[in-house]
Undergrad: 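A single structure is presented below for examination.
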Amino acid sequence: MPELPEVETVARGLQARVAGRRIVSVTLRQTDFMDDPVAIEQELPGRTIERVERFGKFMLLRLTTIEQQREKITTESQRHREKDGKRTELEEPDQGRDGVGGGSKSNTSGENARALLVHLGMTGNLAPHFAEQPVAKHTHATFVLDDGRELRYIDPRRFGRMAYLSGETLAAELHRFGADPLLVGADEFAERIRGSKARIKALLLDQSVLRGVGNIYADESLWKAKIHPAKQGGQLKREETDRLLAALKNILQKAIEMRGSSISDFVDADGFAGDYQQHHKVYGRDGKKCFRCGAKIRWMVVAGRSSHFCPVCQRAPRGMAGRRKKTKRARRVETSKG
DNA sequence: CTCGATCCCTGGACGC
DNA sequence: TGCGTCCAGGGATCGA
């Protein structure tokens, strides 16, 4: 399940594999998870993938503008002609402008920015394939590249999202999200957490507070920081938010180093699984012993998500003791009895 | 503002 | 073996 470290892993892989390649054509199959499939079909062909970045749980495939694409083609044909000894003044290199491969700020932001946003959801996979490789079931988008390979988006559950956005629309979309947990400072983090009555687990998962944290890394960082998931953000002391942020950064960085967690079927752009799931301390360990104190790891629903925690290390907030939340299953059992 | 509930979707696990 | 049911998850949305 791709969260920040998994998306970072995929984005790095794609940056290495497909950055600089031009999209020749686009084929879409099921499009119900795309914002505007027609825009994707019409706007992508002819553009070059300049760079692949992670933004929260999104991948951003930065694309050239049509103007830049023209310059690029002109430069290429110019290079060919120079080789042939033919050269015209019309094709003098334009030093003053940001061309492709020139200034890094060329089209990454501002009015001319263009990008394909890809959210992998639960089961999404975006990776280059050789054209002769069989097309997997649930392949919903195929981007043919100028070297003959195909960038394919495969997503059985279609919980992902794909959108082609540009200019102010792109800026507005990115603006909806909170700080990157790897970059946010302790003051800003404390401010965002402590000013809220929502539970800390909900805050960690709220993409408008922090972008990129999902269920696994929320649980793991809360365990490491010894904070109960149901504690209100506003109840946390400054010392606790500091501890939590340090835990979060530490865990996310380690997970990135290990190329993410492969829980169900996550693989990166090269088809490799991650290794971090072997280092999970609480996630998926309900009923097993806490690595720190030996108590049994417990499971409960917090903020609508399954949450794993140590009842001893992560003390329940006041007023919660003895009143366990009923799970869906417990409720169903009750109803069926009555 | 914050909550839970509900929907989306499919494959895998599990029970009978 | 085969069928039904439940469940996972992120995010949007809605009503309380």
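Throughout, a chain's letter reflects where its sequence line sits, starting with A, and its residues are numbered from 1.
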Undergrad: When the distance from CG of Asp32(A) to P of dC7(B) is rounded to whole Å, what number comes out?
TA: 17 Å
Undergrad: Any base atoms under 4.0 Å from Asp155(A), or only sugar-phosphate, or nothing? Heavy atoms, all strands.
TA: nothing
Undergrad: Please give, in whole Å, the distance from dG9(C) P to Met122(A) CE?
TA: 7 Å
Undergrad: Taking only the side-chain heavy atoms of Pro156(A) (C-beta and beyond), determine which of dC8(B), dT10(B), dT2(B) contains the nearest atom.
TA: dT10(B)
Undergrad: Nearest whole angstrom, please: distance from the C1' of dT2(B) to the CD1 of Ile200(A).
TA: 15 Å
Undergrad: Within the 3.5 Å criterion, strictly below it, is a donor on Arg51(A) or Gln15(A) matched to an acceptor on the partner's side chain?
TA: no
Undergrad: Check this one for me: any side-chain N or O of Gln207(A) less than 4.0 Å away from OP1 or OP2 of dG10(C)?
TA: no
Undergrad: Over how many whole Å does the gap from Tyr217(A) atom OH to dG9(C) atom C1' extend?
TA: 14 Å
Undergrad: Transitively linked via ILVMFWY side-chain contacts under 4.5 Å: Tyr164(A) with Leu14(A)?
TA: yes
Undergrad: Does a side chain donor of either Asp219(A) or Tyr217(A) reach within less than 3.5 Å of an acceptor in the other side chain?
TA: no
Undergrad: Does Ser306(A) put a side-chain nitrogen or oxygen below 4.0 Å from OP1 or OP2 of dG9(C)?
TA: yes
Undergrad: What nucleotide, of dA8(C), dC3(B), dG11(B), holds the atom closest to the side chain of Trp299(A)?
TA: dA8(C)
Undergrad: Is the distance from OP1 or OP2 of dG11(C) to the nearest side-chain N or O of His119(A) less than 4.0 Å?
TA: yes
Undergrad: Whole angstrom is fine here: how far is it from CZ in Phe159(A) over to P in dC7(B)?
TA: 12 Å
Undergrad: Under 4.0 Å from OP1 or OP2 of dA8(C): is there any side-chain N or O of Tyr283(A) that close?
TA: no
Undergrad: Quick check with a 6.0 Å cut-off and a 45 degree axis cone: is Arg292(A) positioned over the face of Trp223(A)'s six-membered ring?
TA: yes
Undergrad: Roughly, in whole Å, what's the span from NZ in Lys201(A) to C1' in dT2(B)?
TA: 17 Å
Undergrad: Given that Lys197(A) and Gln30(A) both sit by DNA chain B, which one's nearest nucleotide is further toward the 5' end?
TA: Lys197(A)
Undergrad: Can a side chain N or O of Ser196(A) be found less than 4.0 Å away from OP1 or OP2 on dT2(B)?
TA: yes
Undergrad: Please produce a list of atom pairs where a protein N or O lies less than 3.5 Å from an N or O of nucleotides 12-16 of chain C.
TA:
| unit_1 | atom_1 | unit_2 | atom_2 | d |
| --- | --- | --- | --- | --- |
| dA12(C) | OP1 | Arg176(A) | NH2 | 3.1 |

Undergrad: Nearest whole Å is fine: how far is dT2(B) C1' from Leu205(A) CG?
TA: 14 Å
Undergrad: With a cut-off of under 6.0 Å to the ring centre and 45° to the axis, is Arg152(A) in cation-pi contact with Phe143(A)?
TA: no
Undergrad: Can you tell me the distance, in whole Å, between the CZ atom of Phe33(A) and the P atom of dT10(B)?
TA: 12 Å
Undergrad: Does the Lys NZ or Arg CZ of Arg285(A) fall within the cation-pi geometry relative to Phe291(A) - under 6.0 Å from the ring centre and within 45° of the axis?
TA: yes
Undergrad: Base, sugar-phosphate alone, or nothing: which one does Gly160(A) contact when heavy atoms must sit under 4.0 Å apart?
TA: nothing
Undergrad: Ignoring the backbone of Arg158(A), work out which of dG11(C), dT10(B), dT2(B) is nearest its side chain.
TA: dT10(B)
Undergrad: Classify the ring geometry between His140(A) and His138(A) as parallel (under 30°), tilted (30 to 60°) or perpendicular (over 60°).
TA: tilted
Undergrad: Assert yes or no for the condition that the ring centre distance of Tyr283(A) to Phe309(A) is strictly below 6.0 Å.
TA: no
Undergrad: For a quick test of reading the model: is some side-chain N or O of Lys137(A) closer than 4.0 Å to OP1 or OP2 of dT10(B)?
TA: no
Undergrad: So, OP1 or OP2 of dG11(B): does either fall under 4.0 Å of a side-chain N or O from His138(A)?
TA: yes
